Each structure stands twice: as structure tokens, then as C-alpha cells.
Amino acid sequence: MDDDFDMPPADEMNEDFDMPDESPIMKVGEEKEIGKEGLKKKLVKEGEGWDTPDNGDEVEVHYTGTLLDGTQFDSSRDRGTPFKFTLGQGQVIKGWDQGIKTMKKGENAIFTIPSELAYGESGSSPTIPPNATLQFDVELLSWVSVKDICKDGGLFKKILAEGEKWENPKDMDEVLVKYEARLEDGTLVAKSDGVEFTVKEGYFCPALAKAVKTMKKGEKVLLTVKPQYAFGEKGKAALGDEGAVPPNATLEITLELVSWKTVTEVTDDKKVIKKTLKEGEGYERPNEGAIVKLKLIGKLQDGTVFLKKGHDNDEQLFEFKMDEEQVIEGLDKAVMKMKKGEVALLIVAPEYAFGSSESQQELAVVPPNSTVYYEVELVSFDKEKESWDMNTEEKIEAAGKKKEEGNTLFKAGKYVRASKRYEKAVKYIEYDSSFSEDEKKQAKVLKVTCNLNDAACKLKLKDYKQAEKLCTKVLELDSRNVKALYRRAQAYINLADLDLAEFDIKKALEIEPDNRDVKLEYKALKEKVKEYNKKEAKFYGNMFAKLNKLESVETTNNAAMKEAEPMSIDSKA
């Protein structure tokens with residue numbers, strides 16, 4: 001294990017996607033009971049997809065109704081006009097409300113409905129007798145989805161035109177919408193053929209932001225907006241092209257989500273932001289070690305261009321290797337979240353750009369503490385080979401390479417990046433069941449070395465708990481590894497587990513009695529113990545002194561109370 005370092009002294013679907021759970025899985029010709037009230041459904045023709053209508057949706061059906069003896073009492077087909085109603089609102093018999101919720105678009109089914117879910121004891125004179133079980137041959141032609149967006153009856157969304165795909169905008173995204181807002185009497189109060197806003201900040205009234213978060217690209221809806229999601233008790237005065245909204249007014253808003261730009265917080269501290277201007281292809285993204293090729297323009301806040309690559313016909317694309325500090329950290333992190341063909345605007349704060357120093361770039365100087373802006377197109381990338389794409393020989397070779405990279409970074413004082421290299425090295429050889437005996441031996445040596453070196457990184461980074469875990473992993477492979485015992489003892493000392501630290505140091509000295517570093521650590525530990533004992537003695541000494549003082553005060557008070565007591569009554573007087 002010559003590659004191991006010498007021992008230094010101790011110093012990260014949407015309600016529209018809910019699958020229907022009331023629709024039984026059926027084959028054509030099969031009959032099943034729906035619920036527990038006697039409603040039966042026989043499938044005549046399968047429908048399309050998996051989606052089914054829900055309460056509040058406006059459905060359109062063709063139907064024929066008969067008694068059990070085959071007597072027909074009603075038919076929309078004979079009238080030549082489909083029947084429309086709102087599902088779950090009591091506009092039809094209960095059997096319909098329950099049964100049609102299980103149907104898909106284009107489906108044809110026969111429902112056998114007991115009288116309790118139909119017209120009951122009264123019947124429906126003159127065609128339906130009392131207590132009659134009915135049969136309906138129903139075809140679900142279509143439906144218009146109506147959603148109670150906020151689940152409080154304040155904002156309803158009726159879909160007029162379906163959108164594309166399945167994604168919805170999030171709070172940080174910038175949406176482009178068309179809308180038209182009217183009062184209930186039809187009076188136009190506001191209209192736009194294209195306005196862009198950040199979802200979180202909203203626009204016009206609260207309903208728009210809440211609604212777009214439930215919409216897909218290209219979707220068009222009619223919103224019924226109660227006052228709490230419009231302009232409330234105060235209403236809104238006329239302003240410019242916008243008309244007045246009276247107090248407590250309900251609005252009807254036609255809203256179309258034209259498109260949106262996805263905005264991503266690349267770092268947890270929100271200091272690197274990626275705004276997608278054009279979607280990329282597929283799902284693949286660059287990994288650490290990937291070679292990426294970009295079209296790139298770097299600008300200052302005032303628009304000054306300080307870097308431009310890959311835009312002229314004769315100019316080469318900008319190329320770099322991920323996670324190798326070949327570019328500023330913000331650009332490195334953001335590109336790792338891009339797809340091939342994606343075009344994005346990056347906003348990078350100074351901490352992830354050029355910091356507090358002035359930086360001379362290709363076309364201009366970047367002043368100190370500058371937020372910089374990059375227009376980036378990820379033209380292509382070649383991912384670093386993942387472990388599952390390697391044979392056993394390649395895995396061992398890749399692990400050795402990552403270990404060497406980690407060693408170089410460690411010696412340069414770049415402990416976070418070094419730690420990541422060691423972790424990746426271990427992942428390549430973590431599962432060695434398919435390795436030959438010789439390969440298993442090589443893998444064991446690499447695991448021990450990389451985990452030990454990673455522990456050294458963690459000690460430098462003051463992540464003592466993780467350092468302890470890594471050393472324990474090494475000791476599971478090699479129980480007499482002095483460096484693992486030594487480093488774990490360092491971790492224990494910093495975690496104030498002094499007994500465990502002493503145990504590891506004594507064991508290390510049993511194995512290597514003359515190890516200078518371990519001896520020095522033992523000496524440091526004894527000093528820690530002395531210091532700890534002094535503090536403990538002082539703490540308990542102060543505590544006992546306070547207790548003695550309290551006891552003394554209590555004794556004095558008791559004596560005084562006893563002297564002040566009146567004489568007891570003499571019962572013999």
C-alpha cells in the first residue's frame with residue numbers, strides 16, 4: 001500500500017397522473033359488479049387509453065335504456081342527439097354517476113342498475129314501474145375535464161384543448177400565456193395575446209399562477225374564478241386597457257399556456273441558475289469525467305461579451321472535461337444538468353465564477369465580484385464509461401486511475417474533489433463476485449487504499465463521523481491495519497469518544513510498538529484525557545460546592561423555624 005498517504009499529525013406525478021382506481025380491469029364480454037350496491041357492468045367495446053372521467057367533468061354519451069324484459073323506454077340514439085351532463089352532481093340516477101366514472105373514451109358497456117340506484121319505489125311514470133331494475137347500453141363519446149384546482153370550490157378549470165406531454169411548470173419557471181378575463185355577464189376586463197411572467201410571482205390575479213402549475217404546454221382552459229382567487233372584497237379599479245372588477249366578483253378566464261422556460265436552481269444556495277431556452281434531446285446528461293462540446297457566449301451584467309466560442313463557421317466548439325476545474329465551477333455544475341441540444345441561459349454569482357479577483361478573459365476583463373451570464377448550447381458530449389459497461393479488468397484499471405487522480409488532488413489540498421475520486425474508485429470494484437481470485441486480491445488492496453485515503457480527506461474536512469465509518473470498512477477487510485486504527489482514533493478524539501480512541505491506539509501500538517505517529521497520537525490523547533478530567537473535576541467541584549451551600553442555608557432556615565414555633569398545648573392543665 002505504498003500509494004497510501006503517510007499519517008499526518010491530528011489537526012443531494014401530479015394529480016393529473018393519478019391512475020383511476022374505480023375502473024375494473026375487464027375483457028370484452030365480461031361482467032363485473034361495481035361497488036357494493038348491486039351495480040353491474042358488462043363490457044361491450046374497449047375504450048382508448050386509461051383515463052376516465054371524474055366528478056365535475058362534463059360528459060357526453062349515447063345510450064339506450066330498457067327494462068329487464070327488453071322493453072325500451074328511452075334512447076338518445078333514436079333522437080340522434082348525444083346526452084350531456086355533469087358527472088357526480090346528481091343530475092342523473094346514482095347508477096349512472098357511479099358507472100360512467102369507470103369508462104374510458106369510446107368505451108361501450110351495458111349497466112344493470114338496481115332500483116335503489118335508479119328510480120326506487122316510485123319509478124318514473126309512465127315508462128318505468130316501481131322497484132324496477134334497469135339496463136342501459138352506454139357509449140362514452142367524450143368528456144370535458146373540470147378540476148377544482150385548490151380543492152376549496154374557489155377555482156375550477158375546464159379543459160378546452162388538451163396539452164402536450166405531461167410536464168407542468170414549477171414556481172421558478174417563466175411561462176408565456178394568452179388570456180382573456182370577463183365578468184359573469186360577459187364584460188371584458190383584461191386580455192393579452194402573449195404575456196410572460198415567473199410562476200412564483202404571478203400575474204393579473206392569483207388564479208393565473210395557480211392554474212398554470214396544473215397545465216401542460218399548449219393546453220387551453222376556461223377558469224371559473226371565485227373572488228378569493230380574483231380581486232376579493234375590494235375588487236379592482238380600471239387601469240389602462242384593463243376594465244374595472246367590482247367587489248366580490250367571479251371571473252371567467254380563458255387561459256392558454258403557450259410555452260415556458262424551465263428555470264433550475266443548480267446549487268442549493270441559488271447562486272447558479274439555469275434557464276432553459278430550448279429543450280434538449282432524451283434524458284442523458286454528462287457525468288463527471290465526460291468530454292463536452294459547447295457553443296458559448298459569456299457576458300457581464302451590462303452586456304459586455306468577454307468570451308465567445310463555437311459560433312462562427314470556422315471557429316471550433318468550446319471543449320472541456322467535466323469536474324476537472326478547466327472552467328469556472330458554476331459553468332461546470334450547470335452543464336452537468338443539461339441534455340444534448342439544450343440551449344440555456346446561465347446566471348452565475350461571483351462565488352461560482354471569478355470571485356473577488358479581476359480576470360482577463362479572451363475578449364474583455366471580468367471585474368472583481370461580477371455576476372456573469374452564459375448563453376450555452378450543449379452540442380454533444382461523450383460520457384465517461386460507467387462501471388456497468390465495463391468488464392472486470394476494466395473496472396480494476398478504472399479504479400486504479402481514479403485513485404491516482406485522487407492522490408494528485410489530495411497533494412494539491414483539494415480534499416473535496418479528491419474524496420469524490422476515491423469514492424468513485426471504490427464503486428467500480430464494490431461488487432466483486434464475478435472477479436477472479438487474483439482480481440479479488442487487487443480489488444481488496446484498492447478498496448483498503450482508497451477508503452484510507454478518503455478517510456484522510458474527511459479528517460481534513462472535519463467530517464469525523466464519515467472518517468470513522470471509512471476506517472471501520474477498512475478494518476472489516478484488514479483488522480490489523482494500523483493506519484485505519486490510527487485515523488479512526490483521530491476521528492474518535494474529535495468526536496469526544498476518548499475511550500474508543502484509546503482502545504484503537506493501544507491496539508495499533510500492540511501491532512507496531514515503535515510507530516512514531518501512533519505514539520504521538522497517544523501522547524495527545526493523554527493530554528486530552530487530563531484536560532477532560534480537569535474540566536470534569538471543576539464541574540463537579542462547583543456543583544458540590546453549590547449543593548453544600550444550599551444544604552447549609554437549608555439547615556439554618558430549619559433551625560430558625562424550629563425556634564419560632566409556639567409551645568405545644570399541655571394536655572394535662
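Numbers here are sequence positions counted from 1. Values in this document were obtained by computation on a predicted structure and should not be read as measured data. Values reported hereafter were calculated over all heavy atoms of this structure, with side chains retained and with hydrogens, waters and symmetry mates removed.
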Please tabulate, one pair per line, all N/O donor-acceptor pairs under 3.5 Å involving side-chain atoms of residues 274-281, not counting sequence neighbours.
{"from": "Lys274", "atom 1": "NZ", "to": "Thr276", "atom 2": "OG1", "distance (Å)": "3.4"}
{"from": "Lys274", "atom 1": "NZ", "to": "Glu342", "atom 2": "OE2", "distance (Å)": "2.7"}
{"from": "Lys275", "atom 1": "NZ", "to": "Glu174", "atom 2": "OE1", "distance (Å)": "3.4"}
{"from": "Lys275", "atom 1": "NZ", "to": "Glu174", "atom 2": "OE2", "distance (Å)": "2.9"}
{"from": "Thr276", "atom 1": "OG1", "to": "Glu342", "atom 2": "OE2", "distance (Å)": "3.1"}

Donor-acceptor pairs under 3.5 angstrom involving side-chain atoms of residues 296-307: please list them, not counting sequence neighbours.
{"from": "Lys299", "atom 1": "NZ", "to": "Glu375", "atom 2": "OE2", "distance (Å)": "3.1"}
{"from": "Asp302", "atom 1": "OD1", "to": "Thr304", "atom 2": "N", "distance (Å)": "3.0"}
{"from": "Asp302", "atom 1": "OD1", "to": "Thr304", "atom 2": "OG1", "distance (Å)": "2.8"}
{"from": "Asp302", "atom 1": "OD2", "to": "Thr304", "atom 2": "OG1", "distance (Å)": "3.4"}

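Taking each heavy atom of Glu196 and Leu176 in turn, the nearest pair found is N-CD1, 4.2 Å. Here the closest non-hydrogen pair linking Val348 and Ile328 is CG1-CD1, 4.2 Å. Of all heavy-atom pairs spanning Gly282 and Lys339, the tightest one is O-CD, 3.3 Å. Between Lys385 and Met390, the shortest heavy-atom distance links the atoms O-CE, 3.3 Å. Shown here for Lys178 and Gly194, the closest heavy-atom pair between the two residues is CG-N, 4.1 Å. In terms of heavy atoms, Gly154 sits closest to Asp148 at N-OD1, 4.3 Å.
For Asp432, the salt bridge (charged side-chain N to carboxylate O under 4.0 Å, His left out) partners two or more places apart in sequence, or in a different chain, are Lys447. With sequence neighbours left out, Glu423 forms a salt bridge (charged side-chain N to carboxylate O under 4.0 Å, His left out) with Lys458. Not counting sequence neighbours, Phe435 has no partner by the ring pair (Phe, Tyr, Trp, His ring centres under 6.0 Å) test. The ring pair (Phe, Tyr, Trp, His ring centres under 6.0 Å) check on Phe156 picks up nothing, with sequence neighbours excluded. Residues satisfying the side chain to side chain contact (heavy atoms under 4.5 Å, CB included) criterion with Phe381, sequence neighbours excluded, are Glu284, Pro286, Val292, Lys340, Leu378, Lys383. For the side chain to side chain contact (heavy atoms under 4.5 Å, CB included) test, no residue two or more places apart in sequence or in another chain qualifies with Lys523. Here Lys293 pairs with Leu317, Glu319, Ser380 under the side chain to side chain contact (heavy atoms under 4.5 Å, CB included) rule; sequence neighbours left out. Qualifying ring pair (Phe, Tyr, Trp, His ring centres under 6.0 Å) partners for Tyr373, counting only residues two or more places apart in sequence or in other chains: none. Residues passing the salt bridge (charged side-chain N to carboxylate O under 4.0 Å, His left out) test with Lys441: none are found, sequence neighbours excluded. Remark: Lys333 engages Val266, Thr267, Glu329, Tyr352 in a side chain to side chain contact (heavy atoms under 4.5 Å, CB included) (not counting sequence neighbours).
For CG of Asp241, the number of neighbouring non-hydrogen atoms (other residues, nucleotides, ligands) closer than 6.0 Å is 12 at most.
A side chain to side chain contact (heavy atoms under 4.5 Å, CB included) with Arg421 holds for exactly one of Leu409, Thr408, Asn453; it is Leu409. Here the options are Leu208, Asp152, Leu223, Ile253, the test is side chain to side chain contact (heavy atoms under 4.5 Å, CB included), and the partner is Tyr229; only Asp152 passes. Among the candidates Thr449, Asn451, Asn407, Asp454, the single residue satisfying the side chain to side chain donor-acceptor pair (under 3.5 Å) test with Tyr422 is Asn407.
Comment: Arg417 engages Glu325 in a salt bridge, judged by a side-chain N to carboxylate O separation of less than 4.0 angstrom. For Asp478 and Lys444, the salt-bridge test fails: no basic side-chain N is under 4.0 Å from an acidic carboxylate O. Between Glu219 and Lys157 there is a salt bridge, since at least one side-chain N of the basic residue sits less than 4.0 Å from a carboxylate O of the acidic one. With salt bridges taken as basic N to acidic carboxylate O contacts below 4.0 Å, one links Lys402 and Glu405. With salt bridges taken as basic N to acidic carboxylate O contacts below 4.0 Å, none links Glu164 and Lys216. Between Glu162 and Lys220 there is no salt bridge, since none of the side-chain N atoms of the basic residue sits less than 4.0 Å from a carboxylate O of the acidic one. A salt bridge links Lys506 and Glu502; the closest N-O separation between the charged side-chain nitrogens and carboxylate oxygens is under 4.0 Å.
Within the 3.5 Å criterion, the main-chain N or O of Val146 finds a donor-acceptor partner in the side chain of Asp57.
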